[in-house]
Protein chains: 2
Amino acid sequence: MKILIVEDEHKTGDYLRQGLSEAGFVVDLARDGIDGMHLALTGEYDLLVLDVMLPGIDGWGILQAVRRAEQDIPILFLTARDRVEDRVQGLEMGADDYLIKPFAFSELLARIRSLARRGKSKPIENLYIADLELDIIKRRVTRSGQRIDLTAKEFSLLELLLRRRGEVLSRSLIASQVWDMNFDSDTNVIDVAVRRLRAKVDEAYEPKLIRTVRGMGYVIEVDEV
Amino acid sequence: MKILIVEDEHKTGDYLRQGLSEAGFVVDLARDGIDGMHLALTGEYDLLVLDVMLPGIDGWGILQAVRRAEQDIPILFLTARDRVEDRVQGLEMGADDYLIKPFAFSELLARIRSLARRGKSKPIENLYIADLELDIIKRRVTRSGQRIDLTAKEFSLLELLLRRRGEVLSRSLIASQVWDMNFDSDTNVIDVAVRRLRAKVDEAYEPKLIRTVRGMGYVIEVDEV
DNA sequence: ACAAAAATGTAATTTTGCTGTCATGTGTCT
DNA sequence: AGACACATGACAGCAAAATTACATTTTTGT
């Protein structure tokens, strides 16, 4: 399994290369768009991880070049948080997945494995439960039609809960997916984050969706006692 | 389900081997990193439990060797509280898991079961008897379709009984699996716990499923007298 | 580049409800 | 009957989670 990363930010690039190597992948790293595109077009890679913002040719450019060369290789985009249009456009042009910076490494790994396994074309659908809806691409949340503004952490916490709705998620799992924390540090960030999320998503509505399972963790579900 | 433990500390190693055997796993135990790595690479195991500190090759070394051999077997690390933080960048942590020593045996068991599930991606593992159903992943119990809320202890007690349905389980076995104690006889926690579980699971239903075997322990079974 | 504002993390305090202990009741065996 | 094993209910201690306030970091707007 050979992966090409195109990322100009040194810190992120090195971090990715090292992490993915340790995870058992063969990794090449290009620091700018032109190198990146040339390497990508050699056709040696099983997967591309592209930053959108690049010197030379940007992520889309590489994507177009690769697709024009009729290569069917899966592509994962790294994009900045605010630029919604980028994501929409990127996906329309044939990216297979995207991640918003900053991201938890474990999340990246999970997406990469999933792409590697299933190949491309993972349909990205919206998540919902009861009258709560979450538009992944636009990063928008509504409950009974009303728009709710969530911060980055709140959003990815909710996203995780929803992706695994009905499952009780332990704090350590949540910590590893939403924060990039390794070991059980004695912090209560998660409790506080859940509190904040509840205030926005549950407080003014019925039924309550986020449930605490004492000693276990949190679930999102419709409680059908 | 075959597990390899690599642990040089004799006490911990034996404790793990015995506990996991009692829990119904097939267990091998290696006392140093070199033996451990060789055994691990035979590919016979479904899960590894590795101490990080080992004579010969340490836990990380074994991890790398295994990953280089392209084996996708889940790994659970045991680590001491003080060292760690710097050494581990949390890479791979999304895929695998860790525990900090000293740990509760029941905690270990829970992690192992969760890892085993992920590794195999096998269909949903539900336990049931008569009209009583227990969904491990969702941590949800129903009897004749009705949802029953159980506390942590109640849940793991019921889980144990169900995994061994039809077997009479002694108090000391129950104590070692559900509580992390060496059974000192002048406590009746288990009796009380069974009582509470019965109140929720048996009291309002027929037939009664949890049976007391005087002088022996408890069983869960459909009584065919 | 700076200050203001928002997001996020930390810490202290209150609330909640699980869980172990104990006292007592009930059935069972010799 | 007496001894024993288990059942049951009450209760208090305590750990987990909720909540609040505050500190710190990050983002935003000028």
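All figures in this text were calculated on a predicted structure; none of them were measured in a lab. Residue numbers begin at 1 in each chain, while the letters A, B, ... track the order of the sequences. Just so it is clear, the values below take in all heavy atoms, side chains as well, and ignore hydrogens, waters and symmetry mates.
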*Asks:* Grab the CG-P distance between B:Asp191 and D:dG9 for me, whole Å please.
*Replies:*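 Going from CG in B:Asp191 over to P in D:dG9 covers 14 Å.
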*Asks:* Output the distance between atom CG (A:Asp8) and atom CG (A:Asp35), rounded to the nearest 0.5 Å.
*Replies:* 12.0 Å
*Asks:* Nearest whole angstrom, please: distance from the C1' of C:dG9 to the CG of A:Asn188.
*Replies:* 9 Å
*Asks:* Report which part of the nucleic acid A:Tyr218 touches: base, sugar-phosphate, or nothing (heavy-atom distance under 4.0 Å, all strands).
*Replies:*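 Sugar-phosphate contact only - A:Tyr218 comes under 4.0 Å of backbone atoms but never of a base.
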*Asks:* May I ask you to test the B:Ile75-B:Leu50 pair for a side-chain heavy-atom distance under 4.5 Å?
*Replies:* yes
*Asks:* Report yes if at least one side-chain N or O of A:Trp179 is closer than 4.0 Å to OP1 or OP2 of C:dG9; otherwise report no.
*Replies:*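 It does, given that an N or O in the side chain of A:Trp179 lies less than 4.0 Å from OP1 or OP2 of C:dG9.
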*Asks:* Indicate yes or no: at least one non-hydrogen side-chain atom of B:Val27 is less than 4.5 angstrom from one of B:Gln18.
*Replies:*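 No, their side chains stay 4.5 Å or more apart.
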*Asks:* Report yes if a side-chain nitrogen or oxygen of B:Thr212 is closer than 4.0 Å to either non-bridging phosphate oxygen (OP1 or OP2) of D:dA5; otherwise report no.
*Replies:*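 No, no such contact exists.
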*Asks:* Does A:Thr151 place a side-chain N or O at less than 4.0 Å from the phosphate oxygens OP1/OP2 of C:dA6?
*Replies:* no
*Asks:* In whole angstroms, how far is the C1' atom of D:dA5 from the CZ atom of B:Arg211?
*Replies:*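 Spelled out: CZ on B:Arg211 to C1' on D:dA5 is 16 Å.
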*Asks:* Please evaluate the base of D:dA18 for a donor-acceptor partner in the side chain of A:Arg214 within a cut-off of under 3.5 Å?
*Replies:* no
*Asks:* Which residue lies toward the 5' end of DNA chain C, B:Lys200 or B:Val192, if each is placed at its nearest nucleotide?
*Replies:* B:Lys200
*Asks:* Would you mind classifying the nucleic acid contact of B:Arg196 as base, sugar-phosphate or nothing, using non-hydrogen atoms under 4.0 angstrom?
*Replies:*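 Base, at least one base heavy atom under 4.0 Å.
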*Asks:* Checking all strands, does B:Ala152 fall into the base, sugar-phosphate, or nothing category for heavy-atom contacts under 4.0 angstrom?
*Replies:*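 The answer is sugar-phosphate, as B:Ala152 gets under 4.0 Å only of primed atoms, P, OP1 or OP2.
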*Asks:* Which of the following nucleotides, C:dT10, C:dA23, C:dT8, is nearest to the side chain of A:Lys153?
*Replies:* C:dT8
*Asks:* Measure the distance from CG on A:Leu150 to P on C:dA6 and round it to the nearest whole Å.
*Replies:*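 Taking CG of A:Leu150 and P of C:dA6, I get 16 Å after rounding.
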*Asks:* Starting at CD1 of A:Ile210 and ending at P of D:dT19, how long is that distance when rounded to a whole Å?
*Replies:*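 Interatomic distance, CD1 of A:Ile210 to P of D:dT19: 12 Å.
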*Asks:* Check whether any side-chain nitrogen or oxygen of A:Arg195 sits under 4.0 Å from OP1 or OP2 of D:dT20, and answer yes or no.
*Replies:*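 Affirmative; the distance criterion is met.
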*Asks:* Write down the distance between CE (A:Met216) and C1' (C:dT19), rounded to a whole number of angstrom.
*Replies:* 14 Å
*Asks:* Is the distance from OP1 or OP2 of D:dC6 to the nearest side-chain N or O of B:Arg171 less than 4.0 Å?
*Replies:* yes
*Asks:* Rounded off to whole Å, could you give me the CG-to-P distance for the A:Asp202 and D:dT19 pair?
*Replies:*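 For the pair A:Asp202 CG and D:dT19 P, the rounded distance is 11 Å.
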*Asks:* Counting only heavy atoms not in B:Glu107, do more than 12 sit closer than 6.0 Å to its CD atom?
*Replies:*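 Yes, the 6.0 Å shell around CD holds more than 12 heavy atoms from other groups.
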*Asks:* Do the numbers put B:Arg165 on top of the ring of B:Tyr128, so that NZ or CZ is under 6.0 Å from the six-membered ring centre and no more than 45° off the axis?
*Replies:*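 So B:Arg165 does make the cation-pi contact.
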*Asks:* Figure out the CD1/C1' separation between A:Ile190 and D:dT19, and round it to whole Å.
*Replies:* 17 Å
